[in-house]
2 protein chains.
Amino acid sequence: MADVAEKAGVSRALVSIVFRNQAGAGQETRERVLRVADEIGYRPDSAARLLARGRSRTLGVMFTVQQTFHTDLITGIYPEAERLGYDVLLSGATRGRSEVKAVEALLSHRCEAVILLGPDAESAYLDELGQRTVAVSVSRRVPQARVDFVHTAEGKGVRQAMDHLVELGHRRIVHIDGGRGPGSAERRRAYRAAMRRHGLEAEARVIPGHHTEESGIETGRLLLAERDGGQPLPTAVLAGNDRCAMGLLMALTRAGVDVPRDLSVVGYDDSHLSHLMPIGLTTVRQDAALMAEHAVRFAVERLEKGELEPREAVLDPKLVVRGTSGPVLKEPGPA
Amino acid sequence: MADVAEKAGVSRALVSIVFRNQAGAGQETRERVLRVADEIGYRPDSAARLLARGRSRTLGVMFTVQQTFHTDLITGIYPEAERLGYDVLLSGATRGRSEVKAVEALLSHRCEAVILLGPDAESAYLDELGQRTVAVSVSRRVPQARVDFVHTAEGKGVRQAMDHLVELGHRRIVHIDGGRGPGSAERRRAYRAAMRRHGLEAEARVIPGHHTEESGIETGRLLLAERDGGQPLPTAVLAGNDRCAMGLLMALTRAGVDVPRDLSVVGYDDSHLSHLMPIGLTTVRQDAALMAEHAVRFAVERLEKGELEPREAVLDPKLVVRGTSGPVLKEPGPA
DNA sequence: TACTCGAACTAGAGCGCGCTAGTAGCGCGC
DNA sequence: GCGCGCTACTAGCGCGCTCTAGTTCGAGTA
C-alpha cells in the first residue's frame, strides 16, 4: 500500500480512500491510484483491513459437501451477500470433518455470522453457537436455540403432494422419510395427517430412510423384494427428498417398473437434479434462491440492527408436477 | 489479551506464548493464563494473529458448485491439509460468480496458495495467477503457466476403457466429449487413437458435449432420434464423465433401451454417483483422495521449500467394470 | 566466590490497514 | 480584505497479535 502511495505520489490514506470507494478523492487521482495498484499487483489485505476496522463483513456458510440442494442454496447466497456488501466463506462438512469442526473454522476466520445449511448437529451446540454469534439455520428447526430459521412450510408441501396423488386415484401411498434429517419430522407428520384426512389411515406406511440416493435405491430393492414375495407394490411413493427419489427411480426403472404407469414418485426440494430426468421429477419445490436470500438478510439485519430477536421465515412450497406422477391404472387384484 | 495478561499477572508476550503452545513458559503460569482466559472468554483473534505473523497457513480451494467430482476432491483435501497444519477456505464458482471472482475472494482472504479444481478460466489468467501466488491446477492442464498440475493419465484411462469395450465385441463405439472441460481434449485424442489402433477408424464418432447430466440426456435424445430415423444405435458409448453418463443412461433406459444388453455405457471419474445405480456404472476411476493429497502437498511444498519449479503429478486411472458394460449381442443387420 | 547457562519472563517494534483530526488551496459573498 | 465552506489531501495513532532482543534469576561448575 505504501508502494502504491509513493508511486502514485499520494499518501497512504488516499489510497485507502480510493480502495474503499469513499468520497474525498479526485476523479483523476482515483484513476491514477487504481492504475498504479494494478501495475504493482496490489490488493488490499483483508486481515489488516478487518483488524483496523474491527469488522470483517464476512458471512460463513456451513454446508454438507454432497447435498445437491445445498449447492443450490449456495448459488443463491453469493449474490445476495454481495449485494449487501458482505463476503462469503464456505466450509464443508464431510465424512471425516464434523459440522462442529466446519463451523469452528468459520468462526476462527472471523465470520461475523454463520449460516448453517441443514445442520445436523445437536441442538445444545446450536444454541450455544447462537449465544456466541449470529447464526441462521436453514431447513432445520431448532426450537429452543437462539438462531434464525428459514424453511419452507413442510406440511403445506406434503399436503399438496398428497392431494395431488389422491386426486390421481392413489391410495397405497408410501412415504420414505429422511430420518433425523432437516425437515423430515415435519414431512413425516404431514404425511400421516394427510393419509388420515383422506381416510387412508390403514394404508399409511413410513419406510425409514435418509436424504441420499443410496436410501432410495435400498427402498426400491425392499419394495421389489416385497413384490416378489407376493405383496403388491404401492401405487405411489413420496420420497424424503429428490436424491432419495432419484435413487428409487433408478432402482425401479432398472427392474422394469414403468414410472409413472406402474408407480408414481414424488420428490422434495426441486434441486437441479429434478429437471434432469427426461420425464422430469414431480416434486415439491423449495425456492432455494429465496431461502438463501432470507438467510443472508436475517444474518445481516441481526448484525446491523443490534440485538434483534431471532426470527423465522416460512416460505411457501409449491408442487411441481412433472413426469413421474400419473393416474393409477386399474388396481390389480390381490396378489 | 491485555486483560488476560493483567489478570494473570504476566506480560502480553507470555500470554501469546501460552496460546501458541510455545516453549518458554512455566507449567504453573501456563495453567493460570489458560484459566484466566477461559474465565474472561478470551479467544485469540486470528485476523491480528495472521497480520502479525505474516503467514496465514491457509489454502484456498476454488471449485465449481455443481460438479460432484469436485466434492469428492474436497472431501480429500480437508484431512491432508489438516495433517500438514493448514486451514482450508472454499470458494465456489457458480452461474453468477465467475472463477476469477471466486479466486480473488480467496486471495483477498490471505490464502497462501490456491488449488483450482478443474479450472475453466483462460490460461493467461492462470499463468498470471501462478506468477502472483502458488497455484495448483487439478485436472486441467495449462501448458505454459507457472502452476502445479495434478491429473490422471487420461490417455491410459480411455485406452483401458476402449480395450474393455472392444474385447466385449463392440465396434460402433461413440464418444461424447466434454467440450473444453478439463481433460476433455486428452480423452478425445485418446479415443481417436484407440479407435485407430483397433482398426475402427471408420466407426469413430465424437459427439460434442459437456460434463453435465443435461449433456448426456441431450445426446441420448439425439441417438434415439437417429435410431428412429433408421440409423442403428451405437453399441457402446464412452461418456465425457460420470454425470454425462448418468444423463445418457436416464434418457436411454427411459426409452426402453436395455443397458448393457442393447448398449454399453462407460463413464469417467468414478464420482460417488457411480456406485448409485443398482447395476453400477462402468467407469474410469480417478482416485479423488489421492489427487487431493497430491494437490495439497504440492501447494505446501512450494510454500515451504521456497522457489520450487512447478511440478506435475500423473496418477494412474483404473477401469472399474460394473454393470453398464456388457458383450455385444448379435449385430442387427443393416437397418 | 565468580562465572556461565538456561529457563522464565518482558519491552517494544511492527504487521497493513482504517479513521479521526487536521491542513492546504480555492472560490464565494459581503 | 476577510471569513466561510468546500474539496482534496495528509499525519499518525491504534486495531490485537507475533517476534526479536533483551533482562532476571536461580542452579550448576570450577
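In what follows, every heavy atom counts, from backbone to side chain, and hydrogens, waters and symmetry copies are set aside. Every chain is numbered from 1 and lettered A, B, ... according to where its sequence line falls, protein lines coming before strand lines.
- Closest contact between the side chain of B:Ala13 and the listed nucleotides D:dA11, C:dT10, C:dG16 involves C:dT10.
- In this structure, CG of A:Leu14 is placed 13 Å from P of C:dG18, rounded to the nearest angstrom.
- For the residue pair B:Gln67 / B:Arg243, a side-chain donor-acceptor distance below 3.5 Å is found, with atom types taken as modelled.
- Nucleotide C:dA21 forms a pair with D:dT10, judged by Watson-Crick or G-U wobble geometry with both contacts under 3.5 Å.
- Taking the six-membered ring for Trp and thresholds of 30 and 60 degrees, A:Phe63 and B:Phe63 have nearly parallel ring planes, at less than 30 degrees apart.
- Shown here is A:Gln22, whose CD atom has more than 12 heavy atoms of other residues, nucleotides or ligands within 6.0 Å.
- Put simply, B:Thr29 has a side-chain N or O that comes within less than 4.0 Å of OP1 or OP2 on C:dC9.
- If you measure from atom CD of B:Glu6 to atom C1' of D:dG16, you get 16 Å, rounded to the nearest angstrom.
- The closest side-chain donor-acceptor pair between B:Arg97 and A:Thr75, if any, does not fall under 3.5 angstrom.
- Protein atom CZ of B:Arg53 is 17 Å distant from nucleotide atom C1' of D:dT20, rounded to whole Å.
- In this structure, CZ of B:Arg49 is placed 8 Å from C1' of D:dC17, rounded to the nearest angstrom.
- With C:dG16, D:dT10, D:dC19 as the choices, the nucleotide that has an atom nearest any side-chain atom of B:Arg20 turns out to be D:dC19.
- In this pair, A:His294 and A:Phe298 present their aromatic rings perpendicular. The plane angle is above 60°, beyond the 30 to 60° band.
- Atom CD in B:Glu28 sits about 18 Å away from atom P in C:dA7, given to the nearest Å.
- Of the candidates C:dG16, C:dG18, D:dC17, C:dG18 carries the atom nearest the A:Ser16 side chain, counting heavy atoms from C-beta on.
- Pairing for C:dG29 goes to D:dC2, judged as Watson-Crick or G-U wobble with the two contacts each under 3.5 Å.
- Nucleotides of DNA chain D nearest to A:Arg12 and A:Gly26 differ in position, and the one nearer the 5' end is that of A:Gly26.
- As a whole-Å value, the separation of A:Met1 CE from C:dG16 P is 11 Å.
- Counting to the nearest Å, the P atom of D:dC15 and the CG atom of B:Leu50 are 18 Å from each other.
- Of all nucleotides listed (C:dT10, D:dC17, C:dC17), C:dC17 comes nearest to the side chain of A:Ala52.
- Following rounding to the nearest Å, A:Asp3 (CG) and C:dG16 (P) show an atom-to-atom distance of 10 Å.
- Contact check, B:Ser11 against C:dA11: no side-chain N or O comes under 4.0 Å of OP1 or OP2.
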